[in-house]
Amino acid sequence: MAQFVSSWSNGVQSVPKDYVMPPERRPGDFVSVCNDIPVIDLQENANTDRSDIIQQIHKACQEFGFFQVINHGVSEKMMEDMRVLYREFFNMSIDDKLGIFSETSSAASGCFLYTSGLNYHKEDVHYWKDTLRHPCHPLEERTPFWPEKPTRYREEVGRYAIEVRKMGFKILDLIAEGLGLNKGYFNEVGQGQAMAINHYPPCPDPSVAMGIDGHTDPYLITFLQQDQYGLQMHKDGKWLGVEPISNAFVVNIGYQLEIISNGKLKGAEHRAVTNLTAPRTSIATFFGPNLTLPVIVEPAKELVTSTSPQMFKAYQYNNFIADYLAYYRKPLPRSGTPLDSYRL
Ligand SMILES: O=C(O)CCC(=O)C(=O)O
Ligand SMILES: [Fe+2]
């Protein structure tokens, strides 16, 4: 049975050999933290009105597919409570963790705790992380399947999910307007909400281990809270570090937004590395189509014109997710991207 890194790695002096990446999959040379990734203040003031914020977000989405937001409406106390709660969660005893352990994502509740990637037994080498994932919407239907420990889990995470949802739709509205779509355009297609909490314990040799390989999220958009450095984005053939800013959310674009925007925005590739001394926990919230409904996704009609012909075909979202997972289960190096079979 797969063993949580958070349960055995404390005090280990070297990286076990089944966690040592082959040279071509290691984090590589020094990666600098990039201060150019835009930090966008969502609060309107005397110098910045809503249309300025729309423009800033649109530019960041086009140039980076990544930005950070401050003054986003989610309280600092709530963000801090989440950091404390998840620190406690990953420090729980192995027995408590095993109660919610699942080898696969097929658990009917959608709530599962796993270690490394989604495919531990088929991996030739493992990732230095444990992950808890669960859906968050509709909240009343989902919370009964969430972890029962720490005992405040359902209440606190439930409140956080509501606040992040408000921020999420506020930002999706700003993105819609930047694209020339109606405010509210993403209300329907962004209904699905899920969280992934990734925990990367300190690693005795971060140069040979990997937290999570380069990937683009399959959803519309991701909001991530990080307590330590570790997230890197891929731009112009290089990896750039995303600076942790306390109480900011890192926002990145997923494949559904690339497709709906008819290629005007690009899904942002990213990965996470480990570090020597500090445990790192990233708390990600994703918005995208509801997986339990037969949602059809296609480029927005308003963005398909004679000068900008339709770039992607229409498809059923759960078929996309199945293809996406199959792509990332293929051994490295992989050719193409999960979008290739959707291009026209
Ligand atoms: O830990 C991070 O910073 C990245 C996590 C991530 O990319 C994901 O959960 O999709
Ligand atoms: Fe991701």
Side-chain angles (χ1 to χ4, degrees), residues 4-6 25 27 31 33-34 37 64-69 79 82-83 86-87 89-90 105 110-119 126-136 157 161 164 168 192-203 206 209-235 239-258 266-275 278-288 291 320-321 324-325 327-329 337-339:
F4 304 112
V5 188
S6 53
R25 289 175 59 190
V31 168
V33 169
C34 175
I37 297 172
F64 292 90
F66 253 89
F67 56 97
Q68 306 215 44
V69 282
M79 295 180 79
M82 287 298 103
R83 297 194 283 272
Y86 285 115
R87 213 168 296 142
F89 179 87
F90 285 102
S105 54
C111 176
F112 63 113
L113 175 66
Y114 60 99
T115 189
S116 186
L118 282 168
N119 218 8
H126 304 303
Y127 299 99
W128 196 267
K129 86 167 168 63
D130 298 329
T131 298
L132 171 70
R133 297 182 92 89
H134 58 61
C136 302
V157 178
V164 174
Q193 179 179 355
M195 287 173 77
I197 303 88
N198 304 293
H199 182 72
Y200 312 87
C203 175
M210 206 38 156
I212 184 167
D213 262 337
H215 67 283
T216 300
D217 296 337
Y219 320 97
L220 266 184
I221 194 162
T222 302
F223 297 92
L224 181 130
Q225 181 186 336
Q226 57 170 345
D227 57 353
Q228 297 285 337
Y229 171 67
L231 177 63
Q232 299 179 344
M233 63 163 282
H234 200 227
K235 183 167 164 45
W239 289 103
L240 303 172
V242 181
E243 185 190 2
I245 301 179
S246 66
N247 300 316
F249 280 91
V250 181
V251 186
N252 73 259
I253 289 184
Y255 278 138
Q256 304 311 307
L257 199 43
E258 176 162 348
K266 294 269 179 299
E269 193 184 359
H270 54 281
R271 68 179 190 182
V273 298
T274 63
N275 79 75
R280 173 170 185 268
T281 305
S282 65
I283 306 170
T285 300
F286 311 107
F287 291 91
L291 248 189
F320 181 95
I321 292 295
Y324 175 91
L325 292 173
Y327 174 88
Y328 281 107
R329 283 194 174 116
T337 80
L339 281 194

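Counting convention: from 1, in listed order, for ligands and their atoms alike.
- Between Tyr328 and Pro338, some side-chain heavy-atom pair lies under the 4.5 Å cut-off.
- Of the heavy atoms in Thr222, none comes closer than 4.0 Å to ligand 1.
- Contact check for Met82 versus Thr281: no side-chain heavy atoms found under the 4.5 Å cut-off.
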Step by step, work out the side chain to side chain donor-acceptor pair (under 3.5 Å) result for Tyr229 and Asn275. CA-CA 8 Å; Tyr229 171 67; Asn275 79 75; over 6 Å; no
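- Note on ring orientation: taking the six-membered ring where Trp is involved, the planes of Phe249 and Phe223 are perpendicular (angle over 60°, cut-offs 30° and 60°).
- Note: Tyr86 and Phe89 have perpendicular aromatic rings, judged against thresholds of 30 and 60 degrees for the angle between ring planes.
- Here the Fe ion (ligand 2) is the vertex; the NE2 atom in His215 and the OD1 atom in Asp217 give an angle of 90° (to 10°).
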Before you tell me yes or no, could you show the steps for Thr216 and Tyr324 under side chain to side chain contact (heavy atoms under 4.5 Å, CB included), namely the whole-Å CA-CA distance, both residues' side-chain angles and the distance that decides it to 0.1 Å? CA-CA 10 Å; Thr216 300; Tyr324 175 91; 5.5 Å; no
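- Within ligand 1, counting atoms from 1 as listed, the ones closer than 4.0 Å to a heavy atom of Ala272 are 1 (O), 2 (C).
- Using a 4.0 angstrom heavy-atom cutoff, Arg271 does not count as in contact with ligand 1.
- Among all non-hydrogen protein atoms, the one lying nearest atom 9 (O) of ligand 1 is Asn198 ND2, 3.0 Å.
- Contact analysis leaves Lys129 out of contact with ligand 1, as no non-hydrogen atom separation drops below 4.0 angstrom.
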Assess whether side chain to side chain contact (heavy atoms under 4.5 Å, CB included) is satisfied between Leu231 and Arg280, documenting all intermediate values. CA-CA 10 Å; Leu231 177 63; Arg280 173 170 185 268; 3.7 Å; yes
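- The protein heavy atom nearest to atom 3 (O) of ligand 1 is Arg280 NH2, 2.8 Å.
- Of the heavy atoms in His270, only side-chain atoms (C-beta onward) come closer than 4.0 Å to ligand 1.
- Taking every non-hydrogen atom of His215 and a distance limit under 4.0 Å, the qualifying atoms of ligand 1 come out as 6 (C), 7 (O), 8 (C), 10 (O).
- Residue Gln226 does not touch ligand 1, judged by heavy-atom distances below 4.0 Å.
- Below 4.0 Å from some heavy atom of Tyr200 lie the following atoms of ligand 1, by number and element: 1 (O), 2 (C), 4 (C), 5 (C).
- If you look at His215 and His270, their ring centroids are closer than 6.0 Å.
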